[in-house]
Amino acid sequence: MRRKANLYRSTTALGVALMMLMALSSCRPSATSTEEPDNRSNQEILFDDGNFAMFIHFGLYSKMEGEWKGKRYYGNAEWIKHQAEIPADEYMKEAASFNPDEFDAEAIVKLARDAGMRYIVITSKHHEGFAMFDSDFCDFNICDATPLKRDLMKELADACHRNGLGIGFYYSQWQDWTAPGGARGPETDAEGRKVTFEEYFRNKCIPQVNELTTKYGEIQLIWFDTPGELSKEASEELVALVRKNQPHALVSSRVGNGMGDYDTLNDMQVPLVNHEGRWEGIDVMQVGWGFSKFDNEWKTPDYIVHELVSVVARGGNFLFNIGPDSKGRIPEQAAASLRETGKWVKKYPQVVYGAGASPWEHALPWGDVVTNKGKLYLVVFDWPQDGKLWLPGLQNDVTAAKIVDGKKLATRKEGTWTCIEVPYGRPDQLASVVELTIDGEIAVDSTPAVDPNENATILPIEFATTEKCKVASNEWMEKFGEWKFKASVSGITAESKVEWVVDFKEPGYYDVAIECRGDGTTDWMMCADEGNTIVDRYNLHSQYAWHRMGWLKIDGAGKHKLSLSVTDGNWEQVGIGSISITPVKLQ
Ligand code: JFZ
């Protein structure tokens, strides 16, 4: 059983009591269920211990599959009304020919189970305003406006309940592009009367959330989204409504105004260091959330496993999206990728279910670490070539080591390092798992360390300390809705300091490279605290790129401070993303 340090932001007395309980227990990373009662609701347990769930974007937009009037739209296919600027009345007419009669709730639930996922969250009404359930408060819904006339939310909720999965509903509470008064929706009704947001909220949003929380049995959560300019009172009212009807259901932080029971991080973002509290990382099978027939960038099992492990290792729960097509079918590529992911999860359940965050608090050069019942699980994505897996900073003695479901391994300590003797061939094509049993409470020095193998150790700017410059997160859209994030240092002057403290196992030469951007010629210098210095000159461009600085000499093993500076050139335009350090192997 896992306890997470929690920023439980419920306003109820129960919530406060729970928060205190969790804050207390979070000091004990490996409490077993016999030591203390588990007071968490089923929903909290599914979230905290399940760690892997399915997101489904399915709506009227799925009918278009990324195409409108013969034109292709890229990125978020669920935004096609907005992208193709389709007028509300024209868009609403599409419902008459939306017939996803191959939607098979049992098959979807089976796929989620095969993938190892513990609950499903489906869009019951996205920004387009179309309800995928039978609603008494707006006819623009799947039962009243389509030839199908099936309440697909009920079918999926029932199938989840029958098969022991949780069910949660996504509901777009602020944006409603077809309901008069909804954000980005028509400003007037059919009679030309001006309609306020308050009227939309009262007459559609609140009644529909009431339907979702009363008609579908016990639910896992309501996933509100894009709160926009929603008032604090409106967010409070939504939370109170969910609480009244479903006392144990969770509410996503995107209900707005700092409320909600857990944080949803930005799309496709895994934090670099452990994130406190109850939180969820989200990602998507294609580029967009709704199905697009033009999008072939299916995530591979390799990517999904890596992402899942990274989210769990940072302390979160992973919600991964698929989009059914216009007939309600799960695309074959999505199903195949998820099934393969599930095979891996079933082989290593202890790495996912009930697994806790990495004591290193960040990824390691070869992979990541999770904890479970006091044991350490090293998930290795880059299997070492020379039979030695190096673990930095573990202060405990290792009493046993093995490949999960495989042979025992020998380990030894070399200073602050633990060396695990591993076979040359990687045991698992996707990601291999090494189990360490250790003596006592886990104690780790999480200072970034250069991997002694020939892997490059990459140190993002988030691990540096900086002075007289600023670190900012840059975000940009690659395609419509495809967000990318990158932290970098800018505002550099001659006085700026950018420093990393890094642990080196051996003295010797290390090949250093810098990921940076700029405009034109710039001169660079890197100094190690022992006095060794290297310099170089680059002609930089607006895109981030790697530039090799070359061999830096480290005289003594252990922790060293590396300082990077720009000594000449167009400082204004310089941005620094990361550095990489690779041991130079010399006989
Ligand atoms: C929203 C929706 O607009 C989108 O269609 C999809 O449903 C997604 C899951 O959520 O998009 C967002 C919302 C918030 C951020 C990014 C995309 N964010 O905070 O980075």
Side-chain angles (χ1 to χ4, degrees), residues 56-64 68 78-82 84-103 105 122-158 167 169-217 219 222-226 234 237-238 241-242 245 290 324 326-328:
I56 301 177
H57 272 64
F58 190 40
L60 183 53
Y61 47 80
S62 309
K63 176 179 181 255
M64 291 67 158
W68 182 254
E78 75 282 5
W79 276 70
I80 193 154
K81 178 187 176 302
H82 179 91
E85 296 175 10
I86 309 168
D89 46 356
E90 192 179 348
Y91 190 81
M92 290 172 83
K93 284 194 192 121
E94 288 296 306
S97 51
F98 180 38
N99 193 19
D101 56 359
E102 292 184 46
F103 183 90
I122 187 164
T123 49
S124 68
K125 186 204 86 170
H126 204 265
H127 309 331
E128 62 178 2
F130 183 73
M132 295 294 281
F133 56 100
D134 190 10
S135 174
D136 291 338
F137 296 89
C138 176
D139 286 345
F140 188 43
N141 74 64
I142 191 144
C143 287
D144 293 317
T146 77
L148 186 71
K149 303 192 190 314
R150 280 163 47 190
D151 184 335
L152 299 186
M153 299 303 97
K154 178 151 180 30
E155 290 181 18
L156 190 65
D158 289 348
I167 176 77
F169 296 120
Y170 170 111
Y171 189 88
S172 175
Q173 76 277 29
W174 181 68
Q175 294 193 63
D176 192 310
W177 300 338
T178 49
R184 299 193 176 132
E187 287 173 8
T188 53
D189 64 13
E191 287 79 49
R193 193 183 58 88
K194 196 159 171 42
V195 181
T196 63
F197 178 81
E198 176 60 22
E199 282 176 83
Y200 148 78
F201 191 70
R202 229 17 83 218
N203 301 331
K204 182 170 179 183
C205 177
I206 287 285
Q208 287 198 332
V209 173
N210 190 55
E211 290 180 311
L212 289 168
T213 46
T214 51
K215 286 170 57 181
Y216 300 93
I219 62 169
I222 296 283
W223 213 96
F224 293 107
D225 195 12
T226 63
E237 190 174 340
L238 288 168
L241 179 61
V242 177
N245 294 336
S326 58
K327 296 304 278 175

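Any value given below was found using the heavy atoms of this structure, including those in side chains, with hydrogens, waters and symmetry copies removed.
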_Value rounded to 0.5 Å, distance of CD1 in Ile122 from CD1 in Ile167_ =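 The distance works out to 6.5 Å.
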_Rounded at 0.5 Å granularity, tell me how far CZ in Phe133 sits from OG in Ser124._
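Going from the CZ atom of Phe133 to the OG atom of Ser124 covers 5.0 Å.
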Nearest heavy-atom neighbours spanning [X] and [Y]:
X: Asp151; Y: Ile142; value: CA-CG2, 4.4 Å
X: Pro147; Y: Ala96; value: CD-O, 3.3 Å
X: Ser62; Y: Pro324; value: CB-O, 3.8 Å

*Measure up the Trp79 and His82 rings against each other and bin them: parallel (under 30°), tilted (30 to 60°), perpendicular (over 60°).*
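Aromatic pair Trp79/His82 classed perpendicular.
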*asked:* Walk me through whether Ile56 and Leu156 qualify under side-chain contact (heavy atoms from CB on, under 4.5 Å).
replied: CA-CA 11 Å; Ile56 301 177; Leu156 190 65; 4.3 Å; yes
Can you check whether [X] reaches [Y] side chain to side chain, under 4.5 Å on heavy atoms?
X: Pro207; Y: Asp136; result: no
X: Arg150; Y: Cys143; result: no
X: Tyr61; Y: Lys81; result: no
X: Ile206; Y: Glu237; result: yes
X: Phe169; Y: Ile219; result: yes
X: Phe224; Y: Val209; result: yes

Under the salt bridge (charged side-chain N to carboxylate O under 4.0 Å, His left out) test, residues paired with [X] that sit two or more places apart:
X: Asp134; result: none
X: Lys149; result: none
X: Asp101; result: Lys327
X: Glu85; result: none

*asked:* Going by salt bridge (charged side-chain N to carboxylate O under 4.0 Å, His left out), name the pairs with one or both residues in residues 137-148, residues two or more places apart or in two chains.
replied: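 Found none.
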Do any side-chain atoms of residues 175-184 form donor-acceptor pairs under 3.5 angstrom with protein atoms, and if so which ones, sequence neighbours left out?
{"from": "Gln175", "atom 1": "OE1", "to": "Trp177", "atom 2": "NE1", "distance (Å)": "2.9"}
{"from": "Gln175", "atom 1": "OE1", "to": "Arg184", "atom 2": "NH1", "distance (Å)": "3.0"}
{"from": "Gln175", "atom 1": "NE2", "to": "Thr226", "atom 2": "OG1", "distance (Å)": "3.2"}
{"from": "Asp176", "atom 1": "OD1", "to": "Thr178", "atom 2": "N", "distance (Å)": "3.3"}
{"from": "Asp176", "atom 1": "OD1", "to": "Ala179", "atom 2": "N", "distance (Å)": "2.9"}
{"from": "Asp176", "atom 1": "OD2", "to": "Lys125", "atom 2": "NZ", "distance (Å)": "2.7"}
{"from": "Asp176", "atom 1": "OD2", "to": "Lys204", "atom 2": "NZ", "distance (Å)": "2.9"}
{"from": "Thr178", "atom 1": "OG1", "to": "Glu128", "atom 2": "O", "distance (Å)": "2.7"}

Among all residues two or more places apart in sequence or in another chain, which pass the side chain to side chain contact (heavy atoms under 4.5 Å, CB included) test with [X]?
X: Ala95; value: Leu60, Phe130, Phe140, Ala145, Thr146
X: Asp225; value: His127, Tyr170, Trp223, Arg254
X: Pro87; value: Asp89, Glu90

_side-chain contact (heavy atoms from CB on, under 4.5 Å), that's the test. Do Met132 and Asn141 meet it? Break it down for me._
CA-CA 6 Å; Met132 295 294 281; Asn141 74 64; over 6 Å; no
*Does atom CD of Glu187 have more than 12 heavy-atom neighbours from other groups under 6.0 Å away?*
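Counting neighbours around CD of Glu187, 12 or fewer heavy atoms of other residues, nucleotides or ligands fall under 6.0 Å, so no.
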*asked:* Please check if the number of heavy atoms outside Lys215 that lie under 6.0 Å from its NZ is greater than 12.
replied: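 For Lys215, atom NZ is crowded (more than 12 foreign heavy atoms under 6.0 Å).
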*Those residues that, when tested against Phe103, pass ring-ring contact (aromatic ring centres under 6.0 Å, His included) (two or more places apart)*: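 Result, ring-ring contact (aromatic ring centres under 6.0 Å, His included) vs Phe103: Phe58.
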_Among residues at least two apart in sequence or on other chains, which ones pass ring-ring contact (aromatic ring centres under 6.0 Å, His included) with Tyr91?_
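Here no residue qualifies.
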*Residue pair Ser326, Met64: steps toward the side-chain contact (heavy atoms from CB on, under 4.5 Å) verdict*: CA-CA 7 Å; Ser326 58; Met64 291 67 158; over 6 Å; no
In residues 191-198, what donor-acceptor pairs under 3.5 Å come from side-chain atoms, sequence neighbours left out?
{"from": "Arg193", "atom 1": "NE", "to": "Asp189", "atom 2": "OD2", "distance (Å)": "3.3"}
{"from": "Arg193", "atom 1": "NH1", "to": "Glu199", "atom 2": "OE1", "distance (Å)": "3.3"}
{"from": "Arg193", "atom 1": "NH2", "to": "Glu199", "atom 2": "OE1", "distance (Å)": "3.1"}
{"from": "Thr196", "atom 1": "OG1", "to": "Glu199", "atom 2": "N", "distance (Å)": "3.1"}
{"from": "Thr196", "atom 1": "OG1", "to": "Glu199", "atom 2": "OE2", "distance (Å)": "3.3"}
{"from": "Glu198", "atom 1": "OE2", "to": "Arg202", "atom 2": "NE", "distance (Å)": "3.0"}
{"from": "Glu198", "atom 1": "OE2", "to": "Arg202", "atom 2": "NH2", "distance (Å)": "3.2"}

*Would you check, one step at a time, whether the test side-chain contact (heavy atoms from CB on, under 4.5 Å) holds for Asn210 with Leu241?*
CA-CA 7 Å; Asn210 190 55; Leu241 179 61; 3.6 Å; yes
